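What follows is one structure encoded as structure tokens, with my remarks underneath.
Predicted, not measured: the structure shown is a model, and the values here were computed from it. Just so we're on the same page: letters track the sequence lines, and every chain starts at 1.
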Amino acid sequence: MSSLHLYDTKSRTTSLFTPIKEGEVGIYLCGATVQAPPHIGHVRSGVNFDILRRWLTKSGYNVTFIRNVTDIDDKILHRAIHEEMPWWALAMKYERIFAEAYAALNVLPPTYEPRATGHITQMIDLMQLLIEREMAYAPGNGDVYLEVRKLESYLTLSRQKLDDLQPAADADETFKRDVRDFALWKAAKPGDPSWPTPWGPGRPGWHLECSAMAHQYLGESFDIHGGGLDLIFPHHENEIAQSEAAGYGFAQRWLHNAWVTASGEKMSKSLGNSLQVHELLKSVRGIELRWYLGSAHYRSMLEFSHESLAESATGFRRIESFLHRSVEILGTLPTPVLGNAFIDAMNDDLAVPAALASISEALRLGNSAITSGDKTVIESSANEIRGALEVLGCDPFDSAFVSGSANEDLTAALDGTIKLALSQREAARLRKDFESSDAIRDGLTALGIVIEDTAQGPRWSISRKSEGSGS
RNA sequence: GGUGGAAUGGCCGAGAGGCGAGGCAAGGGACUGCAAAUCCCUCUACACGGGUUCAAAUCCCGUUUCCACCUCCA
């Protein structure tokens, strides 16, 4: 039995995962700035870390998973003016859209999902502490800065030298002791929302909230901090700077997911609406989009194309189809079981691609067993596949994906109707009246119902058309 | 300028010194009245140039191309 090894961005190595407290894992994941609808890059991060969380839980850990919501920042304020609504209404609007996207992809709700604006008190406390420790200063203009030159270490994640950094184009050096000192707190501008502090009214800088909330929910030291690669600098460097300057141990391990790319380039809003989650969910189901996003290794770039998404969805339906057939044959839902190859793959820094290979193997064995009628192997294959899918968050029997019971009557009626047609077709086939039998099949096909003749008799399913070919 | 990442077959996508992951597509076969589904078989690769080694996609040196971050980013 292997044990979990994870990569760490700070050390740039993969090592045995040992939690601070036995049996417990604390994870802080940087969530979204809720200023626009999510594109698939945003939810890839959610899916990747959801798989990590599920694997840790499956491995027996009690996981506390924090994913924050940044509900106040420059972009939100700008966007709110553009959309002609209060900033807080805009933030809530997009927070809900993000939540819907996460739910559609079966990303489990975090243990706690703190909003930045709900933790101003903790941020002020943290700034107070930093000023007392003489690591931060309030120059009197209402801003509060962290003094980076006083840090014992800085930029250890990105391994850059302070002097090599290009100063920000808009850096205001009037009040900063060093150009690279960054704002913990920004003085209120006329018309902008603000909160009172001992240094004047203002609003939080981007980095401060994560340090404050991680401390609030996970304590001074915790196990894993995650986020997208693009957050390494400056966001995560500055979180480390703030938290270490406060005397906290902070994150023991850093995990960063790679981007979704299109035509080799990092996904961004400029690529348009077609890659927004709700657009893609018009052509594939949530479970299929999740399967696609989770299928690449979390540290590898995922090159998006509609073709590869459609291909991935087809592959998933093959697996799903086997599971449904196993239920028809065995009469019971599979019991999730983990195969050794799957366990070893997941323990190797969440090697999902290798884990998928183990599913392919089980699928092949299972399908062969259906042909040969070997129920023992059908069952063991189905169990193993379901066990794997469950960890990946793609279990088709998960209540998150099973449609509501309101449809049950309708489904039963449809099933009965189609079976009636199929019995007519079987009768025609028996008397070798293939013209009639094919007419029935063609008629059903035209309605989007696919007929397959199996050793156990004919079965039907609703065909799923994939849209979005080419571009 | 600084710091990282990437280049694998028709396509997607793993691997990190030694039996050519896996999937999709393609070709052949089995099954079938036909089809679908399924199974079996086949094909094939490590950007380029050197080097180390019994052995290199993997390590070293150099080169090319692409991508990202450098205070807005998942």
So, the side chain of A/H119 versus the backbone of A/R115: is there a donor-acceptor pair under 3.5 Å, distance only?
yes

Between A/T33 and A/N367, whichever has its closest RNA chain B nucleotide further toward 5' is A/N367

Could you state the atom-to-atom distance from CG of A/L155 to P of B/rU71 in whole Å?
12 Å

Under 4.0 angstrom between A/S368 side-chain N/O and B/rC40 OP1 or OP2
no

Counting only side-chain heavy atoms from C-beta out, which of B/rA14, B/rA36, B/rU38 sits nearest to A/T371?
B/rU38

What is the separation between atom CZ on A/R317 and atom P on B/rG23, rounded to the nearest whole Å?
18 Å

Between A/E288 (CD) and B/rC12 (P), how many Å, whole number?
21 Å

In this structure, how many angstroms lie between the C1' atom of B/rA36 and the CG atom of A/L422, rounded?
13 Å

Nucleotide nearest A/R318 when distance is taken to its side chain, options B/rC39, B/rG13, B/rU71:
B/rC39

Please pick, from B/rA74, B/rC34, B/rG22, the nucleotide with the shortest atom-to-atom distance to any side-chain atom of A/R429.
B/rC34

Using atom CG of A/D344 as one end and atom C1' of B/rG15 as the other, report the distance to the nearest whole Å.
15 Å

Given side-chain contact (heavy atoms from CB on, under 4.5 Å), test A/D344 with A/D348 step by step and report yes or no.
CA-CA 6 Å; A/D344 288 344; A/D348 180 15; over 6 Å; no

Looking at B/rC34, does its base get a donor-acceptor pair with the side chain of A/R441 below 3.5 Å?
yes

What I want to check is whether an N or O donor and acceptor connect the side chain of A/K266 with the base of B/rC67 at under 3.5 Å.
no

How long is the line joining CZ of A/F233 and C1' of B/rG4, in whole Å?
13 Å

Indicate, yes or no, whether a donor-acceptor pair under 3.5 Å links the base of B/rG33 to the side chain of A/D438.
yes

Salt bridge check: are A/R96 and A/E100 linked by an N-O gap of less than 4.0 Å?
no

Any N/O donor-acceptor pair, A/D453 side-chain to B/rC34 base, under 3.5 Å:
yes

Check: A/E311 side chain, B/rG23 base, donor-acceptor under 3.5 Å
yes

Can A/T13 and A/S11 be counted as having a side-chain donor-acceptor contact under 3.5 angstrom?
yes

Any sub-3.5 Å donor-acceptor pair from A/R180's side-chain atoms to A/L162's backbone N or O?
yes

